[in-house]
Engineer: 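A single structure is presented below for examination.
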Amino acid sequence: MTSNFNQPQFMAHTYKVMPKKDLQIRTDNNPYLGEEPELVITNQSDDVEDVIPMEKEENLYCASPIENNNIKYHINYQDTGNIDYKDGKDYEINYKKMRQDATLALCNQFRQPLVQPLKKGKTVGKVVSTEQFNGDISKIKEPFILVTPSRYEIENPNLSGYIFTSDNYMDFSFGGFQARNNADVCVFVFDPKVIENLENLHNENIELEVKDNFIKFNKTDKAGKTKIFPKVEVPKLKPCDKVLTSKEYSPDVIGAKAVNLRRLEELKEQGKIDITIPKSIALPHGYIQNLYDNNEIQEKTYQEKKDIYPCKEATRAKYSGEYAEKSMTELRKIIKENGITSEEVMVRSAFSGDDLPDYPSQNMYDSTTAFLDSSNEERNNKELYNRILNNVALSKWGLNPTLSRQKYQIPDDDIKVGVIIQDKIDYDSSFKVHTNTDSGNLKVELYTDEWASVSDSHKPHVFSYDKATGELSYDSIQMMDEGVTFNEDGEIIDIDPIEEDLSNNEKIMEQIKKVAQNTLVVEKEFGAPQDMKVG
């Protein structure tokens, strides 16, 4: 597909807005003013705020300023002393409007819906626009619905709704998890009229309803209700300090994520599903605890900084001692004995609080990778030890998991740390599948090529699979770092073209059908819809 617009030869100043990345101010330097331009950003009092050298790119001079809603600037040419003003004054651009217009244009270009729910439902609360509210949002004492251009992390039990008006990120990302966990309703809205109507309701109480491609809100006299979180009971685990093979995963020694992984292996062994499941082993809580208990430096660090760390296990685990060295050497041997042979292994959480039916824990704890290149045993051991303890096990004590336990009245000690180690397989694409609660059909998200590894911040190809008929539809196209170019009047003159439309890719379509059919088998065996990630 080619660009939608023809750029004129004379461009003057133009502005390329990449909503996922940055703003680029460009000049064609026509008429010629010099060779060494610098972008000068000024504030509302015409005082200099920032000076940025401009680089030449394809016959245009370009620079990226810090993004603000409104930007005032001029260009100095250091070699000639010339100054580029517009009618004797600073250029001014409404970046907030440009960004919204750019997002809207890209949504239309890539068939992305203008209303994208993260968490559907209904709620009541006072509209709070971050563009207009000057107080401390964390101290709001009544149920409220936050309207904000981009990701805004907040811990306030009175937050009943999130409405994002510029940024978007995929459903299963860490940001998506936080939003769903903190509010009753979460949605991205890119329709300028809807956004304007919402911001005009700042400080008003509204009823809000969100479904697929649908948002409805009305002023109301109803009072919102403060959320009450149910108490969650976490399964008790038996003491166990041995490395577990996948056939030994059971709910009395390791978290549900590992147990579910074993169930998938059984379905594959029975020929019911046809997917690749990387080989794995698991380290139960007792094994992890032994690593902590035999680390003298960690114990010393904890004793010195008890005012910082809530317990020894929350202290960053320094690599230390013969016990750690011996344990990691033995662990690497067990890894190989169980067919995990890749030089880069996945290290994933398998906590007792993972994958419980009534407790939202998706993306709450960390997963990472460890490089084992066989050239340096000591370095490999340090890498593995560091990834297990400092990345995965310590994520139990992150801010969001700690606050989540407080919300759901879970004692800290009830969450037992466990770790899964698996072969890391590099896929050409990554699928994420879940059931659409409105239609009951499967929603399949596909990331291709390098975007499979950074999918948290990019929108995927989206497909719908009708469970009854087997019909597959291609709903929207993967968005990455595309940009939209505006002229000095704020008019769109160019949109980056679509690089990867999969409409005619029969191989991908067959692959997605296969993923969907495997997912239906898993749903039937597990007795409920499942959120699945498939390489």
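For reference, positions follow the sequence shown, starting with 1.
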Engineer: State whether a side-chain donor-acceptor pair under 3.5 Å links Glu38 with Gln78.
Structural biologist: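 Their side chains do contain a donor-acceptor pair, which is all the 3.5 Å distance test asks for.
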Engineer: Can you list everything that forms a side chain to side chain contact (heavy atoms under 4.5 Å, CB included) with Lys524? Sequence neighbours excluded, please.
Structural biologist: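 Lys524: no side chain to side chain contact (heavy atoms under 4.5 Å, CB included) contacts found.
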Engineer: Determine whether Tyr162 and Leu146 make a side-chain contact, defined as any pair of heavy atoms from C-beta on separated by less than 4.5 Å.
Structural biologist: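 Side chain of Tyr162 against side chain of Leu146, heavy atoms only: contact under 4.5 Å found.
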Engineer: Stepwise, does the side chain to side chain contact (heavy atoms under 4.5 Å, CB included) test hold for Thr27 with Met54?
Structural biologist: CA-CA 9 Å; Thr27 177; Met54 301 186 78; 4.1 Å; yes
Engineer: Tell me, do Ile52 and Pro65 make a side-chain contact under 4.5 Å, heavy atoms counted?
Structural biologist: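 Yes, at least one pair of side-chain atoms sits under 4.5 Å.
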Engineer: Verify, without hydrogens or angle tests, whether Gln132 (side chain) and Glu199 (backbone) share a donor-acceptor contact under 3.5 angstrom.
Structural biologist: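 Between the backbone of Glu199 and the side chain of Gln132 there is a qualifying donor-acceptor contact (under 3.5 Å).
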Engineer: Mind listing the closest non-hydrogen atom pair of Val127 and Leu201 along with its distance?
Structural biologist: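 In this case the closest contact between Val127 and Leu201 is CB-O, 3.3 Å.
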Engineer: In Å and rounded to the nearest 0.5 Å, what is the CG to CG distance from Asn218 to Asn205?
Structural biologist: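 Spacing of CG (Asn218) from CG (Asn205) equals 12.0 Å.
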Engineer: What heavy-atom pair brings Asp274 and Asn518 nearest, and what distance separates the two atoms?
Structural biologist: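 In this case the closest contact between Asp274 and Asn518 is N-OD1, 2.9 Å.
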Engineer: If the plane angle is over 60° it's perpendicular, under 30° parallel, otherwise tilted; pick one for Tyr73 and Tyr91.
Structural biologist: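 The rings of Tyr73 and Tyr91 lie parallel, inter-plane angle below 30°.
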Engineer: Has Asp79 got more than 12 heavy atoms of other residues, nucleotides or ligands less than 6.0 Å from its CG?
Structural biologist: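 Atom CG in Asp79 is crowded, with more than 12 foreign heavy atoms closer than 6.0 Å.
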Engineer: State whether the side chain of Asn68 and the backbone N or O of Asn70 hold a donor-acceptor pair below 3.5 Å, judged by distance alone.
Structural biologist: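 No, the answer is negative, given that no donor and acceptor are paired below the 3.5 Å cut-off.
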Engineer: Could you go step by step and tell me if Lys193 and Asp191 meet the side chain to side chain contact (heavy atoms under 4.5 Å, CB included) rule?
Structural biologist: CA-CA 6 Å; Lys193 291 182 179 178; Asp191 187 319; 3.6 Å; yes
Engineer: Measure the shortest side-chain to side-chain distance between Pro460 and Lys432 over non-hydrogen atoms and say whether it is less than 4.5 angstrom.
Structural biologist: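 Heavy-atom side-chain distance check fails, nothing below 4.5 Å.
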Engineer: Answer yes or no: does atom CD of Glu506 have more than 12 heavy-atom neighbours from other residues, nucleotides or ligands under 6.0 Å?
Structural biologist: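 Result for CD/Glu506: open.
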Engineer: Can you confirm whether the side chains of Ser464 and Asp475 place a donor and an acceptor under 3.5 Å from each other?
Structural biologist: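 There is such a pair (donor and acceptor under 3.5 Å, judged by atom type) between the side chains of Ser464 and Asp475.
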Engineer: Does the pair Arg263/Glu525 count as a salt bridge with the N-to-O cut at 4.0 Å?
Structural biologist: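 So Arg263 does not pair with Glu525 through a salt bridge.
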Engineer: So, for Thr368 and Val392, which heavy atoms are closest and what is the spacing to 0.1 Å?
Structural biologist: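 Between these two residues, the closest heavy atoms are CG2-CG2, 4.0 Å.
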Engineer: Is it true that, when you exclude Asn200 itself, more than 12 heavy atoms of the residues, nucleotides or ligands shown sit nearer than 6.0 Å to its CG?
Structural biologist: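 For Asn200, atom CG is crowded (more than 12 foreign heavy atoms under 6.0 Å).
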Engineer: State whether the side chain of Lys120 and the backbone N or O of Asp212 hold a donor-acceptor pair below 3.5 Å, judged by distance alone.
Structural biologist: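 No.
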Engineer: Around Lys513, counting heavy atoms of other residues, nucleotides and ligands shown, do more than 12 lie under 6.0 Å from its NZ?
Structural biologist: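 Open: at most 12 neighbouring heavy atoms sit under 6.0 Å from NZ of Lys513.
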Engineer: Taking all atoms of both residues into account, what is the closest heavy-atom pair of Val210 and Pro117, and its distance?
Structural biologist: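 For Val210 versus Pro117, the nearest heavy atoms are CG1-CB, 3.6 Å.
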Engineer: Once you round to the nearest 0.5 Å, how far does CG of Leu356 lie from CZ of Phe351?
Structural biologist: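 The CZ atom of Phe351 is 12.5 Å from CG of Leu356, to the nearest 0.5 Å.
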Engineer: Counting N and O atoms only, with roles assigned by atom type, does the side chain of Lys119 sit under 3.5 Å from a partner on the main chain of Ala183, one being a donor and the other an acceptor?
Structural biologist: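 Between the backbone of Ala183 and the side chain of Lys119 there is a qualifying donor-acceptor contact (under 3.5 Å).
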Engineer: Mark yes or no for whether Ser404, through its side chain, and Asn400, through its backbone, hold a donor-acceptor pair below 3.5 Å.
Structural biologist: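 The answer is no, because no donor-acceptor pair under 3.5 Å joins these two groups.
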Engineer: Under the rule for salt bridge (Lys or Arg N to Asp or Glu O under 4.0 Å), what residues qualify as partners of Lys21, not counting sequence neighbours?
Structural biologist: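 None.
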Engineer: Around atom CG of Asn134, are there more than 12 heavy atoms of other residues, nucleotides or ligands at under 6.0 Å?
Structural biologist: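 Atom CG in Asn134 is not crowded, with 12 or fewer foreign heavy atoms closer than 6.0 Å.
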Engineer: Relative to the ring of Phe190, is the ring of Phe188 parallel (under 30°), tilted (30 to 60°) or perpendicular (over 60°)?
Structural biologist: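 Parallel.
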Engineer: Do side-chain atoms of Asn108 reach the backbone of Arg111 as a donor and acceptor pair under 3.5 angstrom?
Structural biologist: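 No; judged by distance alone, with no hydrogens or angles, the pair does not exist.
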Engineer: Would you call the rings of His74 and Tyr85 parallel, tilted or perpendicular, where under 30° means parallel and over 60° means perpendicular?
Structural biologist: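 Correct class here is tilted.
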Engineer: Distance from Glu36 atom CD to Thr80 atom OG1, nearest 0.5 Å?
Structural biologist: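 Spacing of CD (Glu36) from OG1 (Thr80) equals 9.0 Å.
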Engineer: Could you measure the distance from the NZ atom of Lys279 to the OG atom of Ser342? Nearest 0.5 Å is fine.
Structural biologist: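 One finds 12.0 Å between NZ of Lys279 and OG of Ser342.
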Engineer: May I ask you to decide if Ile492's main-chain N or O and Asp101's side chain share a donor-acceptor pair within less than 3.5 Å?
Structural biologist: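 Checking the backbone N and O of Ile492 against the side chain of Asp101, no donor-acceptor pair under 3.5 Å is found.
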Engineer: For residues Ile495 and Leu106, determine if any side-chain heavy atom of one lies less than 4.5 Å from a side-chain heavy atom of the other.
Structural biologist: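 Yes; the side chains approach each other to less than 4.5 Å.
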Engineer: Tell me, do Val17 and Tyr95 make a side-chain contact under 4.5 Å, heavy atoms counted?
Structural biologist: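 With C-beta onward as the side chain, the pair touches.
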Engineer: How far does NZ of Lys72 sit from CD1 of Ile41, to the nearest 0.5 angstrom?
Structural biologist: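 So the gap between those two atoms works out to 11.5 Å.
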Engineer: Please confirm whether the backbone N or O of Ile477 pairs with a side-chain atom of Gln112, one donor and one acceptor, at under 3.5 Å?
Structural biologist: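 Side chain of Gln112 to backbone of Ile477, a donor-acceptor pair under 3.5 Å: yes, one is there.
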Engineer: Tell me whether Glu58 is salt-bridged to Lys16, with the criterion being a basic N under 4.0 Å from an acidic carboxylate O.
Structural biologist: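 No, this pair does not count.
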Engineer: Might you work through the side chain to side chain contact (heavy atoms under 4.5 Å, CB included) test for Ile66 and Glu49, ending with a clear yes or no?
Structural biologist: CA-CA 10 Å; Ile66 296 174; Glu49 285 184 330; over 6 Å; no
Engineer: Flag the pair Arg262 and Glu269 as a salt bridge only when some basic side-chain nitrogen lies within less than 4.0 angstrom of an acidic carboxylate oxygen.
Structural biologist: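 Looking at Glu269 together with Arg262, the answer is yes, because their closest N to O distance falls below 4.0 Å.
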Engineer: Do Val345 and Lys424 touch side chain to side chain, with heavy atoms closer than 4.5 Å?
Structural biologist: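 With C-beta onward as the side chain, the pair stays apart.
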Engineer: Does any donor atom in the side chain of Glu35 or Tyr61 lie under 3.5 Å from an acceptor atom in the other side chain?
Structural biologist: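 There is such a pair between these side chains.
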Engineer: So, for Ile421 and Ile340, which heavy atoms are closest and what is the spacing to 0.1 Å?
Structural biologist: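 Smallest interatomic distance, heavy atoms only, reads O-CD1, 3.5 Å.
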Engineer: Would you say that Ile145 contacts Phe217 through its side chain, given a criterion of any heavy-atom pair below 4.5 Å between the two side chains?
Structural biologist: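 No, their side chains stay 4.5 Å or more apart.
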Engineer: Taking the side chain from Lys257 and the backbone from Ser349, do they hold a donor-acceptor pair closer than 3.5 Å?
Structural biologist: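 Yes: the side chain of Lys257 pairs with the backbone of Ser349.
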Engineer: I'd like to check Tyr465 versus Val433 (side-chain heavy atoms, cut-off strictly below 4.5 Å). Are they in contact?
Structural biologist: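 Tyr465 does not reach Val433 side chain to side chain.
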Engineer: Of the non-hydrogen atoms in Ala370 and Arg387, which two are nearest, and what is the gap between them?
Structural biologist: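 Reported closest heavy-atom pair: CB-CG, 3.7 Å.
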Engineer: His13 and Lys86: side chain to side chain contact (heavy atoms under 4.5 Å, CB included), yes or no, with the steps?
Structural biologist: CA-CA 10 Å; His13 288 207; Lys86 184 173 185 177; over 6 Å; no
Engineer: If only atom types and distance count, is the side chain of His202 paired as donor or acceptor with the main-chain N or O of Ser129 below 3.5 Å?
Structural biologist: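 Side chain of His202 to backbone of Ser129: a pair is present.
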Engineer: Is it true that Asp184 and Ser160 share a donor-acceptor pair across their side chains at a distance under 3.5 Å?
Structural biologist: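 No - no donor-acceptor pair under 3.5 Å links their side chains.
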Engineer: Got a second to check how far Asn391's CG is from Asp366's CG, nearest 0.5 Å?
Structural biologist: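 These two atoms lie 6.5 Å from each other.
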